[in-house]
Amino acid sequence: MKTAIVYHSAGGNTKALAEAIFSFLPEAELFRIKDFDLSTISQYEGLLVGTYTWGDGDLPAKIVPLYEELEVAQVTPLVTGVFGTGETNYNHFCGAVNQFRDMLFANTQLAVTLKIEQMYQDSDLSRIQKFTDVFKAKLKAQQNKFEKSAAL
Ligand SMILES: Cc1cc2nc3c(=O)[nH]c(=O)nc-3n(C[C@H](O)[C@H](O)[C@H](O)COP(=O)(O)O)c2cc1C
């Protein structure tokens, strides 16, 4: 089950979170957004998107093309999750995660979301592991669904 983790990070908080998620999901491929070829999305069964939040609950500009591609691509069976870092003292904590969540819920098989305050701490590791466990379970369920329908 081919899975990509694609993230955008300016200061390193979201990068560290993406790497922690990758450590629980070593079979995945990890990409910075600038290294990810949007035309390959349909090759994946699973996609995890990571982003920080900018402005007033906004998507950072560099992640917008991925958002727009997922809005129009025909990827209904794609199992997805979204994670991000933000700061609770802003009005829209992790607003970019909320934006991805709503779009991915409509267009893909959204499994799970995760919001972390700035740099993750050791105390967040159990939530990070849970995030990957829920994602893996949904991927497996989706795979079984396809195997069943192929057998009919
Ligand atoms: C100008 C500016 C605007 C921000 N706006 C928000 C916001 O609306 N909501 C939020 O949760 N965090 C906001 N943040 C905080 C960042 O999302 C947070 O520090 C994040 O962890 C940065 O991730 P990075 O280190 O991966 O770049 C903002 C930060 C800056 C500098």
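Both ligands and their constituent atoms are indexed starting at 1 by order of listing.
- Shown here for Tyr44 and Leu78, the closest heavy-atom pair between the two residues is O-CD1, 3.2 Å.
- Considering backbone and side-chain atoms together, Gln118 places no N or O closer than 3.5 Å to any N or O of ligand 1.
- When all heavy atoms are compared, the tightest approach of Val79 to Phe135 is O-CE1, 3.5 Å.
- The pair Arg32-Asp35 meets the salt-bridge criterion, since a charged nitrogen lies less than 4.0 angstrom from a carboxylate oxygen.
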### CA sep, side-chain torsions, deciding dist, call: Thr85, Gln118, side-chain hydrogen bond (donor to acceptor under 3.5 Å, both in side chains)
CA-CA 5 Å; Thr85 67; Gln118 299 186 70; over 6 Å; no

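- Within the 4.0 Å heavy-atom criterion, both parts of Glu87, backbone and side chain, lie near ligand 1.
- Heavy atoms from both the backbone and the side chain of Ala10 come within less than 4.0 Å of ligand 1.
- Those atoms of ligand 1 that come under 4.0 Å of a heavy atom in Gly86, given as number and element, are 10 (C), 11 (O), 12 (N), 17 (O), 18 (C), 21 (O).
- If you check which protein heavy atom lies closest to atom 24 (P) of ligand 1, you get Gly11 N, 3.5 Å.
- What sits closest to atom 31 (C) of ligand 1 on the protein, heavy atoms only, is Trp54 CZ3, 3.5 Å.
- Protein heavy atom in closest approach to atom 20 (C) of ligand 1: Thr85 OG1, 3.3 Å.
- Of the listed options Tyr120, Phe93, Tyr52, Tyr52 places a heavy atom closest to atom 23 (O) of ligand 1.
- Protein heavy atom nearest atom 5 (N) of ligand 1, with residue, atom name and distance: Gly55 O, 2.8 Å.
- Smallest separation of non-hydrogen atoms from Pro60 and Thr51: CD-OG1, 3.3 Å.
- In this structure, the protein non-hydrogen atom closest to atom 29 (C) of ligand 1 is Tyr90 OH, 3.3 Å.
- With hydrogens left out, the protein atom closest to atom 16 (C) of ligand 1 is Thr53 O, 3.5 Å, a heavy atom.
- Of all the atoms in ligand 1, the ones that sit under 4.0 Å from a non-hydrogen atom of Asp56 are 8 (O).
- Closest approach of Phe36 and Ile41 over heavy atoms only: CE2-CG1, 3.7 Å.
- Contact detail for Phe93 and Asn98: the closest heavy-atom pair is O-ND2, 4.1 Å.
- Ligand 1 has Cys94 within reach: a non-hydrogen atom of the residue lies less than 4.0 Å from it.
- Under the 4.5 Å side-chain heavy-atom criterion for Ile, Leu, Val, Met, Phe, Trp and Tyr, Val49 and Ile5 are members of distinct hydrophobic clusters.
- Heavy atoms of Asn91 found under 4.0 angstrom from ligand 1: none, in either backbone or side chain.
- Ion pair Lys2/Glu27 not flagged as a salt bridge, since none of the NZ, NE, NH1 or NH2 atoms sits closer than 4.0 Å to an Asp/Glu carboxylate oxygen.
- Those atoms of ligand 1 that come under 4.0 Å of a heavy atom in Thr14, given as number and element, are 23 (O), 24 (P), 26 (O).
- The closest protein non-hydrogen atom to atom 8 (O) of ligand 1 is Gly57 N, 2.8 Å.
- Scanning the protein for heavy atoms near atom 9 (N) of ligand 1, the closest one is His92 O, 2.9 Å.
- Between His8 and Tyr52, the angle of the ring planes lies from 30° to 60°, which puts this pair in the tilted group.
- For the residue pair Met119 and Ala16, the shortest heavy atom distance occurs at SD-CB, 3.5 Å.
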